[in-house]
Trainee: 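Starting off with a structure, shown below.
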Amino acid sequence: MPKKILVVDDETRMRKLVSDFLKKEGYTILEAENGRQALEVFSAEKDIDLIILDVMMPEYDGWAVCREIRKTSNASIIMLTARGEESDELFGFELGVDEYVKKPFSPRVLMARVNAVLNRKSNEVSKTRQFGALCADREGHYFTLNNERLDLAPKEYELLLYLVENNGNALSRDQILESVWDYEYGMETRTVDTHIRKLRRKLGCGEKYIQTVRNYGYRFEIP
């Protein structure tokens with residue numbers, strides 16, 4: 001399936017140049033002509049792989065757009081800028097920018113940066129899973145929520161991973177015990193309730209993510 005790229009630039013000629021070149025390379029392209037529209041498109045489209053984002057724009061500049069996207073998503077971001085100050089680049093990397101391309105640029109240079117960023121992200125995806133604002137790092141055995149690392153005990157991590165990987169499914173306490181603790185059917189289930197309470201407290205979401213299924217167990221569901 002082709003990667004989906006959102007191109008954001010208030011200059012129509014530049015936006016069309018970038019979009020047309022990427023389309024020829026087989027990418028699916030969405031466009032936005034200002035920051036506000038970019039956030040609307042990004043909110044409506046849940047599977048955008050990369051945003052190519054101009055810095056200087058009306059209706060929210062590139063920094064503001066990047067900051068908002070990073071609250072909920074790890075999608076790759078390449079900034080287009082006519083400015084070359086080191087302080088600007090450092091500020092962008094602190095916000096979560098993946099790469100910079102300085103104007104004017106060669107379409108082939110942009111293409112090389114796009115491929116490099118997407119390949120790097122593909123390698124990372126095999127180690128991480130995204131569940132809304134939650135991200136599981138399988139290699140590091142930890143979760144982040146809105147890009148902030150959660151302080152989870154090992155069993156809390158395993159329990160949360162099991163819940164999110166069964167997103168939307170009602171799980172009985174016995175199922176959870178058997179899968180997370182390797183217990184046999186019929187053994188003590190209060191352990192599950194205790195760990196669920198701790199997870200809810202650490203997530204700060206109460207019933208928002210982890211819902212109680214009356215007389216049965218629990219369900220994790222992204223709202």
Trainee: For Asp10, what residues pass the side chain to side chain contact (heavy atoms under 4.5 Å, CB included) criterion, not counting sequence neighbours?
Mentor: Asp54, Met57, Pro58
Trainee: Which other residues belong to the hydrophobic cluster containing Val213, where Ile, Leu, Val, Met, Phe, Trp and Tyr are joined when side-chain heavy atoms lie under 4.5 Å apart, directly or via other members?
Mentor: Tyr216
Trainee: Is there side-chain contact between Val114 and Glu25, with at least one heavy-atom pair below 4.5 Å?
Mentor: no
Trainee: As a quick check of understanding, evaluate side-chain contact (heavy atoms from CB on, under 4.5 Å) for Leu160 and Tyr209, giving each step before the final call.
Mentor: CA-CA 10 Å; Leu160 184 54; Tyr209 287 156; over 6 Å; no
Trainee: Just list the side-chain donor-acceptor pairs under 3.5 Å for residues 106-113, sequence neighbours left out, or say none.
Mentor:
unit_1 : atom_1 : unit_2 : atom_2 : d
Ser106 : OG     : Arg108 : N      : 3.1
Arg113 : NH1    : Tyr100 : O      : 2.5

Trainee: Look up atom CD in Glu158 and atom CD1 in Ile176, then write down how far apart they are to the nearest 0.5 Å.
Mentor: 13.5 Å
Trainee: Is any side-chain heavy atom of Phe93 less than 4.5 Å from a side-chain heavy atom of Met79?
Mentor: no
Trainee: Under the side chain to side chain contact (heavy atoms under 4.5 Å, CB included) rule, collect the residues that match up with Ser76, sequence neighbours excluded.
Mentor: Leu50, Asp98, Val117, Lys121
Trainee: Please name all residues satisfying side-chain hydrogen bond (donor to acceptor under 3.5 Å, both in side chains) with Glu11, sequence neighbours left out, ordered by chain then number.
Mentor: none
Trainee: Starting from the C-alpha separation in whole Å, work towards a yes-or-no answer on side-chain contact (heavy atoms from CB on, under 4.5 Å) for Glu178 and Asp174.
Mentor: CA-CA 6 Å; Glu178 186 174 352; Asp174 289 307; over 6 Å; no
Trainee: Tell me whether Lys103 contacts the main-chain N or O of Leu80 through its side chain, where contact means a donor paired with an acceptor under 3.5 Å.
Mentor: no
Trainee: Working to the nearest 0.5 angstrom, can you tell me the gap between Asn166 CG and Leu161 CG?
Mentor: 9.5 Å
Trainee: Check whether any side-chain heavy atom of Leu199 lies under 4.5 Å from a side-chain heavy atom of Leu159, and answer yes or no.
Mentor: yes
Trainee: Less than 4.5 Å apart, any side-chain heavy atom of Leu171 and any of Tyr218?
Mentor: no
Trainee: Just wondering, do Ile196 and Leu163 contact through their side chains at under 4.5 Å, heavy atoms?
Mentor: yes
Trainee: Hey, mind stepping through Arg70 and Ile77 against side-chain contact (heavy atoms from CB on, under 4.5 Å) and telling me if it holds?
Mentor: CA-CA 10 Å; Arg70 280 291 173 259; Ile77 298 175; 3.8 Å; yes
Trainee: Might you point out which heavy atoms bring Pro2 and Gly26 nearest each other, and give the distance in Å?
Mentor: CB-O, 3.4 Å
Trainee: What residues, two or more places apart in sequence or in another chain, satisfy side-chain hydrogen bond (donor to acceptor under 3.5 Å, both in side chains) together with Asp47?
Mentor: Lys4
Trainee: From Ile29 CD1 over to Leu6 CG, what is the distance, rounded to the nearest 0.5 angstrom?
Mentor: 9.0 Å
Trainee: Which residues satisfy the side-chain hydrogen bond (donor to acceptor under 3.5 Å, both in side chains) test with Arg67, sequence neighbours excluded?
Mentor: none
Trainee: Does any part of the side chain of Ile52, heavy atoms only, come nearer than 4.5 Å to the side chain of Asp9, both counted from C-beta?
Mentor: no
Trainee: Looking at every heavy atom in both Lys71 and Asn146, which two are closest together, and how far apart are they?
Mentor: O-OD1, 2.8 Å
Trainee: I'd like to know whether OH of Tyr162 has more than 12 heavy-atom contacts from other residues, nucleotides or ligands below 6.0 angstrom.
Mentor: yes
Trainee: Can you list the residues that meet the side chain to side chain contact (heavy atoms under 4.5 Å, CB included) rule with Thr144, with sequence neighbours excluded?
Mentor: Cys135, Tyr142, Arg149
Trainee: Taking side chain to side chain contact (heavy atoms under 4.5 Å, CB included) as the definition, give me every residue that meets it alongside Lys198, ordered by chain and number, with sequence neighbours left out.
Mentor: Glu156, Thr194, Arg201
Trainee: In a table with atom names and distances, give each donor-acceptor pair under 3.5 Å that connects a side chain of residues 30-43 to protein atoms at least two apart or in another chain.
Mentor:
unit_1 : atom_1 : unit_2 : atom_2 : d
Glu31  : OE1    : Arg15  : NE     : 3.0
Glu31  : OE1    : Lys16  : NZ     : 3.2
Glu31  : OE2    : Ser19  : OG     : 3.2
Asn34  : OD1    : Arg36  : N      : 3.2
Asn34  : OD1    : Gln37  : N      : 2.8
Arg36  : NE     : Glu59  : OE1    : 2.9
Gln37  : OE1    : Glu33  : N      : 2.9

Trainee: Is any side-chain heavy atom of Val8 closer than 4.5 Å to a side-chain heavy atom of Val65?
Mentor: no
Trainee: Does Val97 reach the side chain of Leu53, with side-chain heavy atoms less than 4.5 Å apart?
Mentor: no
Trainee: Could you walk me through whether Arg219 and Asn169 satisfy the side-chain contact (heavy atoms from CB on, under 4.5 Å) test, starting with their C-alpha distance in whole Å, then the side-chain angles of each, then the deciding distance to 0.1 Å, before giving a yes or no?
Mentor: CA-CA 6 Å; Arg219 178 194 295 110; Asn169 297 326; 5.9 Å; no
Trainee: Within the distance-only criterion (no hydrogens, no angle test), does the side chain of Asp137 pair as donor or acceptor with the backbone N or O of Gly140 below 3.5 angstrom?
Mentor: yes
Trainee: So, using side-chain hydrogen bond (donor to acceptor under 3.5 Å, both in side chains) as the criterion, who are the partners of Asn115 when residues are at least two apart?
Mentor: Tyr27
Trainee: Identify, with sequence neighbours excluded, every residue that meets ring pair (Phe, Tyr, Trp, His ring centres under 6.0 Å) alongside Phe143.
Mentor: Tyr157
